[in-house]
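As the structure is a computational prediction, the values presented were derived from the model and not from experiment.
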Amino acid sequence: MLGEFRRELARIFEQRVRDLYAIDHTAIVEVPPRRDLGDLALPGALQLARDLKRNPRQIGEEIAAELELPDWVREVKVQGAGFLNIYLDRGSVAAAILSRPLFEAPESGQKIIVEHTNINPNKAAHIGHLRNAVLGDVLSRVLRALGHRVEIQNYIDDTGVQLADVVVGFLDIRGLSRDQIAALPEPFDYYCWDLYAEVGAWYAEDESRLEHRRATLQALEHDTGERAEVARLIARRVVKRHLETMARLGIGYDLLTHEGAILGRNFFAKAFEQLKARGAVKLEESGKNVGCWVMPLAESEEFAGLEDPDKVIVRSDGTATYVAKDIAYQMWKFGLLGDDFGYRYWDEAGIWQTVADDEGGDERPLAANGEKRPEFGAAERVINVIDARQSYLQKVVRVGLERLGFESQAERSIHFAYEMVSLSTAAARQLGFLSDEDDDEDAGSLEMSGRKGIGVKADDLIDQLIDKSREEIRTRNRELPDDELDALAADIATAALRFFMTKATTTRVIAFDFEEALNFEGESGPYLLYSLVRAGNIWRRLEQEGLATEITPEQVTELPAELWQDDLWDLVYAVAQTDGRVEAAGETLEISLVARHALDLAQKFNALYHKHPILQEKDDNVRAVRLATTRVFSTGMRALCDLLGLPTPERM
RNA sequence: GCACCCAUGGCUCAACUGGAUAGAGCAUCGGACUACGGAUCCGAAGGUUGGAGGUUCGAAUCCUCCUGGGUGCACCA
């Protein structure tokens, strides 16, 4: 909202400078550090002083003298070295928030692909995966609010070692048949979780058993035989569970991209031809990488100093590495490959998936509900939500694009890196991953590992959060029918979890702790929801008392200016700045800015709630100002909750 | 060895990307009118921002070195 005002002010200022000095000047509009310096500040006179070789203060006075100002400006003061400080008309700002959209969709909306979640389809999702999915989901919501067209992809590595290992577990350790695997009861991903950890130990006992892995991997790559068929079944069942888990938190996808489809469609072969043609890869004829196609990285500054600056792209057995497949995939995302996937509807939830074959040759098959399939890929910007440990690989992929001559695409291929989630010492101990003996306090946090079966499963955590929510609702003596209780508990749990995952800066490792995650007080999702519920309660009570619950923007504008006290204005102005905060989050990919801003609004509102009661207030105008503030708050908070994906129950 | 990330009150984190008095939440202690619902609010206590230099009118923020912790540097993803 405020962005509009800022741009308008800049225009007025620039026009005035043109009229006075015949100079094309680009005005800056900032928010001053202290409120007594106004609500907005134009430091332009300071810059002009240099060009005009005159005192900045005088220039400021001159510009300010006959500035044609909109009615939402109350006063302009020339202060300090020559700053033009703008004091806004508080009622006008409040009215504007109530009458206009909080964000404006810029005309420059881009098509952006956001890839997130990307869990190996061989075990249950754990809380580290939740961080990824929540960040990706919130990022997508933010980008959409900023006017971009976002396509959400979830990459499924259905031909990799991790899946192969579970296949080995089912076939070679358990000796189960395809049908027996298909008949296993839910939760299938939990079963795989334990089995996967077992496979690691099984290999360790006898290294020759790794031959099973190799054979399975070959079968998956070439999509042949029983092993490939079993792998498909496992991947499908596990992915189904992952989607269910994420759906509990309101996280969805447009397209599931299968690695198998990249192989099946020979995407890599196409990319490889281009890499060879460009001389970006070479066949190693000696040394430890003999027989491999490698991409030399020594010339790139980013990789200088590496012991072995060459990256293997094609193994000596002729198979492609992950990086190779990912380069091809990135090219497809930008529409640079000259080929497309086949697509089919993934039966649940209106999600599409890529397939190797075209199934009947229809290039644009209809979805089950008759809707046309959207055009996937060919984005202008690509954002991959992948944890920071993969930074090196992501860099290699990017360099790959550069070497292919797609420099501008490489620039617009962004690795959204976030740090992992580890287990706090307390959590590790509670779960039995640390014995009481190896305390020593400096045991530190424990890294999660699917391979070792160390971690907190996402569904377990969600279940715990829901139980905790139920308890909390019950202590408040709320009598609710069972279905409403369940729905409310799920909402609160979702809010708690999503906020927990978004409030931390992405560059920081989260040491997961049960006590902290299950705390619904203070800086928590439920705290945010509660503030909105309170606003709703006010209106409900006003209605009961037969008092006005609505206030129109026109009425807000007409309220006496002196009623807008500083503390009320602080909240209104914070809401007005929401667009700027969200834009910053979209530009810097720092999602926590949105969460922090929401928290800031809630804290301000809760403080006012106690200080400025509405119901008992006798003066109609005072009540109206407070009501308007509550409406403004609710508008802002609701928008932020949407961005963060927090449900907003009426009561709790 | 090289590269990246982190270090802020007992604990978990902020600080609008270089701005003035370093802010919150947990935990601790003390309070809140017969309540617009205590998932709240007000207050107290707690900090020479890991250390040493440097740049700057101004540094938690930028630079250099050091210390401690994490991660990465596969023909695994």
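- Looking at heavy-atom distances under 4.0 Å, His612(A) makes contact with a base.
- Separation of the P atoms belonging to A45(B) and G30(B) is 15 Å when rounded to the nearest angstrom.
- Nucleotides A20(B) and C4(B) have their P atoms positioned 30 Å apart, rounded to a whole Å.
- Taking 4.0 angstrom as the limit, Arg534(A) places a side-chain polar atom (N or O) nearer than this to OP1 or OP2 of G38(B).
- If you find the closest nucleotide of RNA chain B to Arg541(A) and to Asp317(A), the one lying nearer the 5' end belongs to Arg541(A).
- Mapping Ser592(A) and Ala607(A) onto RNA chain B by nearest heavy atom places Ser592(A) closer to the 5' end of the strand.
- Counting only heavy atoms from C-beta on, Gln616(A) has its side chain closest to C36(B) among A77(B), G37(B), C36(B).
- Minimum atom distance to the side chain of Tyr392(A) is reached by C73(B), of the listed C73(B), G37(B), A7(B).
- The residue Val396(A) sits apart from the nucleic acid: no heavy atom pair falls under 4.0 Å.
- Taking atom P in both A22(B) and C66(B), the straight-line distance is 31 Å, to the nearest Å.
- Glu543(A) has no carboxylate O lying under 4.0 Å from a charged side-chain N of Arg540(A), or vice versa, which leaves the two without a salt bridge.
- In this structure, His212(A) and Trp202(A) have tilted ring planes: the angle between them lies in the 30° to 60° band.
- Which of G37(B), U12(B), C75(B) sits closest to the side chain of Glu516(A) comes down to U12(B).
- In the model, Asp567(A) has a side-chain atom that pairs as donor or acceptor with a side-chain atom of His612(A) under 3.5 Å.
- No side-chain heavy atom of Asp491(A) sits under 4.5 Å from any side-chain heavy atom of Met652(A).
- A heavy-atom distance below 4.5 Å is found between the side chains of Pro613(A) and Arg626(A).
- Scanning all heavy atoms of the two residues, the minimum distance from Leu88(A) to Leu2(A) falls at CD1-CD1, 4.2 Å.
- For the 3.5 Å distance criterion, the side chains of Tyr155(A) and Asp326(A) fail to qualify, holding no donor opposite an acceptor.
- Taking the side chain of Tyr527(A) as heavy atoms from C-beta on, and the options C36(B), A74(B), C41(B), the nearest nucleotide is C41(B).
- Using a 4.0 Å cut-off between a side-chain N of Lys or Arg and a carboxylate O of Asp or Glu, Asp600(A) and Arg596(A) do not qualify as a salt bridge.
- Judged purely by atom type and a 3.5 angstrom limit, Ser469(A) uses its side chain to pair as donor or acceptor with the backbone of Leu465(A).
- As rounded to the nearest Å, U21(B) and G58(B) have P atoms that lie 14 Å from one another.
- For U40(B), the OP1/OP2 oxygens have no side-chain nitrogen or oxygen of Asn606(A) closer than 4.0 Å.
- Base pairing in RNA chain B gives the following stems of 3 or more Watson-Crick or G-U pairs, range against range and under 3.5 Å: B:1-5 with B:69-73, B:10-13 with B:23-26, B:28-32 with B:40-44, B:50-54 with B:62-66.
- Rounded to a whole angstrom, the distance from the C1' atom of G54(B) to that of A59(B) is 11 Å.
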Look for any protein N or O under 3.5 Å of an N or O in nucleotides 23-27 of chain B and output each such pair with its distance, or none.
| from | atom 1 | to | atom 2 | distance (Å) |
| --- | --- | --- | --- | --- |
| A24(B) | O2' | Glu523(A) | OE2 | 2.9 |
| A24(B) | O2' | Gln603(A) | NE2 | 2.8 |
| A24(B) | N3 | Glu523(A) | OE2 | 3.2 |
| G25(B) | O4' | Glu523(A) | OE2 | 3.4 |
| G25(B) | O2' | Glu523(A) | N | 3.4 |

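- Contact of the Ile234(A) side chain with the Val167(A) side chain is registered, since non-hydrogen atoms from C-beta on lie closer than 4.5 Å.
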Between the protein and nucleotides 69-71 of chain B, are there any N/O to N/O pairs under 3.5 Å, and if so, what are the atom names and distances?
| from | atom 1 | to | atom 2 | distance (Å) |
| --- | --- | --- | --- | --- |
| U71(B) | OP1 | Glu447(A) | OE1 | 3.1 |

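- The shortest heavy-atom contact between Ile551(A) and Arg631(A) is CG2-CG, 4.2 Å.
- When the C1' atom is compared between A60(B) and U17(B), the two are found 12 Å apart, to the nearest whole Å.
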Evaluation steps, side chain to side chain donor-acceptor pair (under 3.5 Å), between Asn132(A) and Tyr418(A): CA-CA 8 Å; Asn132(A) 181 305; Tyr418(A) 63 94; 2.9 Å; yes
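- For the C1' atoms, the distance linking G10(B) with C29(B) amounts to 15 Å, nearest Å.
- A donor-acceptor contact under 3.5 angstrom links the side-chain atoms of Ser316(A) to the base of C75(B).
- For Lys325(A), counting side-chain heavy atoms from C-beta on, the closest listed nucleotide (A77(B), C5(B), G37(B)) is A77(B).
- Nearest heavy atoms, Lys618(A) versus Arg623(A): O-NH1, 3.7 Å.
- Contacts of Asn537(A) with the nucleic acid, taken as non-hydrogen atoms under 4.0 Å apart, include base atoms.
- Comparing U8(B), A77(B), C36(B) by their closest approach to the side chain of Arg508(A) singles out U8(B).
- Within 4.0 Å (heavy atoms only), Leu542(A) reaches no atom of the nucleic acid at all.
- Remark: Asn289(A) is in phosphate contact with C75(B), judged by side-chain N or O atoms under 4.0 Å from OP1 or OP2.
- Look at the P atom in both C57(B) and A74(B): the space between them is 46 Å, to the nearest Å.
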